[in-house]
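Notes follow the structure.
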Amino acid sequence: MANPNYIHTIALYNCLRAAETPEKKDIWYRQVLSNCFYKAKVETAQFGTGIKRVNIYTVRIPESMRWLPYKEWAALQDSEREEFFTANTGDIVVYGESEEEITSKGDGAAARVLERNAPSAFRVTAVTVNTGHSMDKHYRLEG
């Protein structure tokens, strides 16, 4: 039985790091994934001498045959890489079916995509692979 909370669509932008490319530039790959869990909440946190409101994001992507660990995904040929996805810190999640492409500069730069889609977009700060469970196998992304 499918989890009734997995009803959202996200655009996951995987970054192939500059160190892994001949051009020594980050290259971004977009995958639109459906049937995901998405939660965004606002919390207050202590920063130095003040309190600040921060957005906390959690995404769960159901286990997929298209998912690969970053090192395996990065080792694929460009055309193959487009058929799979990974999850790594620094990647970007946008809520919904974003059609935007991330390029290395200008309006397509990663920071601009985050800004244009705020507050429904975040940079991934933690990834947990929860596929060892007997039920509800998923990849958890936080930001």
Side-chain angles (χ1 to χ4, degrees), residues 1-48 50-104 107-143:
M1 179 170 87
N3 187 321
N5 296 312
Y6 284 53
I7 58 172
H8 303 278
T9 299
I10 63 164
L12 174 60
Y13 292 87
N14 294 135
C15 183
L16 181 63
R17 305 286 176 233
E20 316 270 355
T21 68
E23 303 86 16
K24 300 300 178 204
K25 292 181 183 177
D26 288 347
I27 300 173
W28 293 85
Y29 293 82
R30 176 179 47 86
Q31 291 287 337
V32 175
L33 304 170
S34 56
N35 301 316
C36 297
F37 171 88
Y38 179 92
K39 182 178 178 182
K41 64 181 179 176
V42 178
E43 291 186 355
T44 55
Q46 184 75 36
F47 285 94
I51 294 176
K52 184 177 178 181
R53 296 175 65 78
V54 295
N55 292 333
I56 306 293
Y57 300 92
T58 303
V59 167
R60 292 186 189 100
I61 303 167
E63 184 179 40
S64 172
M65 298 296 292
R66 295 178 45 225
W67 182 84
L68 292 172
Y70 177 79
K71 288 187 185 281
E72 291 178 31
W73 177 81
L76 295 173
Q77 298 296 316
D78 290 347
S79 59
E80 294 173 315
R81 205 174 293 116
E82 293 174 1
E83 300 299 317
F84 295 90
F85 68 94
T86 191
N88 202 10
T89 57
D91 288 347
I92 292 174
V93 173
V94 174
Y95 182 75
E97 294 186 39
S98 176
E99 296 294 324
E100 289 190 73
E101 298 294 333
I102 297 178
T103 58
S104 60
D107 283 343
R112 298 248 184 344
V113 170
L114 282 167
E115 183 180 291
R116 278 195 297 272
N117 290 283
S120 299
F122 68 95
R123 193 173 296 272
V124 175
T125 58
V127 175
T128 308
V129 177
N130 292 318
T131 56
H133 306 292
S134 59
M135 298 175 54
D136 196 23
K137 298 177 183 207
H138 65 276
Y139 316 104
R140 179 185 172 111
L141 285 57
E142 298 176 33

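Rounding to the nearest 0.5 Å places OG of Ser34 at 9.5 Å from CD1 of Ile10. Remark: Tyr70 OH to Leu16 CG distance equals 4.5 Å, nearest 0.5 Å. In this structure, Leu12 CG and Thr86 OG1 are separated by 8.5 Å, a value rounded to the nearest 0.5 Å.
For Trp28, the ring pair (Phe, Tyr, Trp, His ring centres under 6.0 Å) test picks out no residue, with sequence neighbours left out. Glu80 pairs by the side chain to side chain contact (heavy atoms under 4.5 Å, CB included) definition with Leu76, Gln77, not counting sequence neighbours. Annotation: side chain to side chain contact (heavy atoms under 4.5 Å, CB included) contacts of Glu99 (sequence neighbours excluded): Arg30. By the side chain to side chain contact (heavy atoms under 4.5 Å, CB included) test, Glu72 pairs with Leu68, Pro69, sequence neighbours left out. In this structure, Asn35 has no side chain to side chain contact (heavy atoms under 4.5 Å, CB included) partners at least two apart in sequence or on a different chain. Arg140 is linked by a side-chain hydrogen bond (donor to acceptor under 3.5 Å, both in side chains) to Glu142, counting only residues two or more places apart in sequence or in another chain. Under the rule for a ring pair (Phe, Tyr, Trp, His ring centres under 6.0 Å), the partners of Tyr29 that lie at least two apart in sequence or sit in another chain are Trp73.
Residue pairs meeting the side-chain hydrogen bond (donor to acceptor under 3.5 Å, both in side chains) criterion with at least one partner in residues 36-48, sequence neighbours excluded, are Lys41-Glu43. A salt bridge (Lys or Arg N to Asp or Glu O under 4.0 Å) check over residues 119-137, counting only residues at least two apart or in different chains, returns nothing. The ring-ring contact (aromatic ring centres under 6.0 Å, His included) contacts involving residues 123-143 comprise Trp67-Tyr139, where partners must be two or more places apart or lie in separate chains.
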Quick one: side chains of residues 87-98, donor-acceptor pairs under 3.5 Å with protein atoms, not counting sequence neighbours, listed by atom name and distance.
unit_1	atom_1	unit_2	atom_2	d
Asp91	OD1	Cys15	N	3.0
Asp91	OD2	Asn14	ND2	3.0
Asp91	OD2	Asn88	N	2.9
Tyr95	OH	His8	ND1	2.8
Ser98	OG	Tyr13	OH	2.8
Ser98	OG	Glu100	N	3.3

Less than 3.5 Å apart, which donor and acceptor atoms pair up between the side chains of residues 56-64 and the rest of the protein, not counting sequence neighbours?
unit_1	atom_1	unit_2	atom_2	d
Tyr57	OH	Asn55	ND2	3.3
Tyr57	OH	Pro119	O	2.5
Ser64	OG	Arg66	N	3.0

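Residues Ile27 and Asp78 are not in side-chain contact: their nearest non-hydrogen atoms beyond the backbone lie 4.5 Å or more apart.
Residue-environment remark: NZ (Lys24) exceeds the threshold of 12 foreign heavy atoms within 6.0 Å.
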